[in-house]
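Predicted model, so just to flag it, every value in this text is computed and none were measured.
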Amino acid sequence: MKIAGDRVFWMLLVLLPLAARAADHVEVARHVIKLHRGRGAALAQRKQWVLDGCRKLSGLLRQKNVVLNKLKSAIRVVEKDVGLSNEEKLFQVHTFEIFQKELNESENSVFQAIHSLQRALQGDYKDVVNMKESSRQRLEALREAAIKEETEYVELLAAEKHQAEALKNMQHQNKSLSILDEILEDVRKAADRLEEEIEEHAFDENKSVKGVNVEAVLRVEEEEAGAKRNVTRGEGEGGLGLSMLIDSQNNQYILTKPRDATIPRADPHFIKDIVTIGMLSLPCGWLCTAIGLPTMFGYIMCGVLLGPSGMNSIKSIVQVETLGEFGVFFTLFLVGLEFSPEKLRKVWKISLQGPCCMTLLMVAFGLLWGHLLQIRPTQSVFISTCLSLSSTPLVSRFLVGSARGDKEGDIDYSTVLLGMLVTQDVQLGLFIAVLPTLIQAGAGASASVAVAVLHVLVLAGRTLLSLATVLLLCLVMKTFLVGPYYRRLHAESKGSKEILILGMSALIFLMLTVTELLDVSMELGCFLAGALVSSQGHMATEEIASYMEPVRDFLAIVFFASIGLHVFPTFVVYELTVLVFLTLSVVLMKFVLAALVLSLILPQSSRHIRWIVSAGLAQVSEFSFVLGSRARRAGIISREVYLLILSVTTLSLLLAPVLWRAAIMKCVPRPERRSSL
């Protein structure tokens, strides 16, 4: 009683200042009374309503204290009852404790509501910032309440399970079991132990981790007929399908790891997406072949038709893009098969000097234009660096079966082009590492320009050290490991080519893991894996290429289709003039800069290939999508600049085959053109 009286006293202290300031908040008070009572009320009625509410609340608090005392007495009785088993005692005590927690949480909710009402009445209804802060505090309170309610629900489920087990034990003690019942009972206990061992309790372990937010989401269950409906927890747990979660920002999530790992599950959305891409890629590829365009145009068109700007039938966009990345990995591995270490030693100076000079020139021109157009230096550096990169997978498709130098000492264009692209991949890894520093510079967080430059130099030195480590590791593997490894795979794969495919895939994944751990580039690891295998001779290269090309072709289709998912024809049509001008300017600038740099660093006898190499570099890498998205989230570039980068990248990739074919027609002798085209 004393506790209840104290609480009523403090509640009156909270409410009395509101009554004293009634003259200042008459209109607000009338609105609140109307919400609570449904009609207008006089000031005297309002005071009477407050007193009646306090009396009712005081009575409820007294009842709550009485119930709590009874629960404590009941817990002591249960604990002293010798006629109950330990499981029954645990169950009953657990149930009483849950009820106590429910009463305490309900009381806290009442006082939180009173303080929230006081804060709202004291605030200025014209102050949007204050209202926003109040809304944020209520949202945080609701999130905390949701976590507590979720925990309580889980505890109730556990209590219900304990009750069912206790009833089963009582039934088994009162009757004799058959041999089959005893076996099933042992299996049930083993299954319970298995569930306890494999269950991770991820929700309980992560809900209090720093940076974890609780958000409201919609849970959508797709029925077999295809209709979508909202389901409750009880309805969703029984099905074997996958629910989709949608948050307030319209991000969609799919299940990655189920609670019950004993039941096999599949993602039907991802399966349908891959099947749809495979079926539509065939007619699109045929159409492009019929009109004389590369088949990759058809695959990109397939992604456009199925993506957000088309029929919007692709649900698992992230999963499709992830699978497409494997197309890049296997493409670069096959490129490395044709790129022997001897050729690498021949062009390593050109491969290092060319991309570095081109990137510096692109950044210099970007800063110049940024100064003229009053663009921030961080934006200018970022955009220029993005545009300086070229697409390695696209050029690799161009170089399949391309011509090679026949004379001793010749430098063929494919070797130079691939060497420069590999260096650009290393630059990409360095740029991703430098991106946080660029974000800090854009936000003004750096202490000085000298500190930022010093940080960039440290990162560059670290990258060069990692690159040297990778090359040393490749030398060791080439000398001691690759030869015996291939011979063992070749001996084991007689009559079973999947052993050889699996062995080469494992080598690819090993190298990309090593390069990723060293913060260089996963793409570089795949390329080096192919170069290591190519050291085993022409016969080994031909055999491995014949086995790996079908895998590469299918995954490359998914990769180019994933590029089409980011093509938005309506935006291109709306801004066609601006985008065409920007794309032609970027392509022309990259072509001219590449030709200028190659004229200075190529030997006199090989300068005729500079036009083909420049044509291969005169487009923008698809990795600008990734860099642009990161920069947009970090606030370096705006939404409009991101869409411009994305559209210019796409148009340059579409223009690349035309420019490549024109360069081949001009610079390659007629007998060698068919393989290059």
Side-chain angles (χ1 to χ4, degrees), residues 285 287-301 331 335 338 347 350 354-355 358 361-362 387-406 410-421 424 556 560 563 567 572 576-577 579-602 605-622 624 647-677:
L287 178 62
C288 289
T289 302
I291 61 179
L293 292 175
T295 54
M296 73 164 193
F297 275 174
Y299 308 146
I300 295 176
M301 186 185 303
T331 297
V335 169
E338 301 180 1
V347 299
I350 300 172
M358 287 184 59
L361 290 175
M362 285 289 292
L387 298 179
S388 68
L389 302 174
S390 302
S391 175
T392 303
L394 180 66
V395 177
S396 301
R397 299 286 290 182
F398 293 160
L399 296 178
V400 174
S402 59
R404 301 289 190 265
D406 296 328
D410 277 358
I411 300 178
D412 58 86
Y413 63 84
S414 63
T415 305
V416 175
L417 189 52
L418 288 176
M420 296 180 70
L421 289 171
Q424 285 191 352
F560 287 112
I563 291 180
V567 178
V572 174
L576 183 61
T577 304
L579 292 176
V580 169
F581 173 76
L582 291 176
T583 303
L584 292 178
S585 300
V586 170
V587 170
L588 181 61
M589 179 179 294
K590 293 192 69 174
F591 181 84
V592 172
L593 290 179
L596 177 63
V597 170
L598 290 172
S599 298
L600 297 176
I601 63 177
L602 280 174
S605 60
S606 303
R607 289 184 181 175
H608 61 282
I609 67 173
R610 66 182 183 274
W611 305 114
I612 304 178
V613 177
S614 301
L617 297 174
Q619 27 73 25
V620 184
S621 173
E622 67 283 347
S624 61
S647 301
V648 168
T649 300
T650 303
L651 292 178
S652 69
L653 292 174
L654 296 177
L655 186 61
V658 179
L659 187 60
W660 176 262
R661 182 168 295 185
I664 292 295
M665 295 291 292
K666 180 176 178 60
C667 302
V668 177
R670 185 178 297 272
E672 300 176 356
R673 288 180 186 174
R674 182 176 300 274
S675 60
S676 300
L677 295 176

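Trp660 approaches Leu417 most closely through the heavy-atom pair CZ3-CD2, 3.8 Å. Ala595 and Arg610 make their closest contact through O-CD, 3.9 Å (heavy atoms, listed as atom of the first residue, atom of the second, distance).
Under the 3.5 Å distance criterion, the side-chain polar atoms of Ser624 are matched with a main-chain donor or acceptor of Ser621. For the pair Lys590 (side chain) and Ser614 (backbone), a donor-acceptor distance under 3.5 Å is absent. Side chain of Gln619 to main chain of Ser391: a donor-acceptor pair is present (N/O by atom type, distance under 3.5 Å, no hydrogens or angles).
Residues Leu598 and Ile601 form a side-chain contact, since some pair of their non-hydrogen atoms from C-beta on lies under 4.5 Å apart. Side-chain contact between Val620 and Leu653 is absent, with no heavy-atom pair separated by less than 4.5 Å. In this structure, Ile664 and Tyr413 have side chains that are in contact, with non-hydrogen atoms separated by less than 4.5 Å. Counting heavy atoms from C-beta on, the side chains of Leu651 and Val587 never come closer than 4.5 Å.
In this structure, the separation between CG on Leu576 and OG on Ser647 is 10.5 Å, given to the nearest 0.5 Å. Of the inter-residue distances, the one linking Gln424 atom CD with Met420 atom CE reads 7.0 Å to the nearest 0.5 angstrom. Rounding to the nearest 0.5 Å places CG of Leu387 at 9.0 Å from CE of Met589. Atom-to-atom distance recorded for Phe591:CZ and Trp611:CH2 is 5.5 Å, nearest 0.5 angstrom. The line from SG of Cys288 to CE of Met301 is 4.5 Å long, rounded to the nearest 0.5 Å. Ile350 contributes atom CD1, which lies 5.0 Å from atom CG of Leu602 (distance to the nearest 0.5 angstrom).
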Full working for side-chain contact (heavy atoms from CB on, under 4.5 Å) between Leu655 and Leu584: CA-CA 9 Å; Leu655 186 61; Leu584 292 178; 4.0 Å; yes
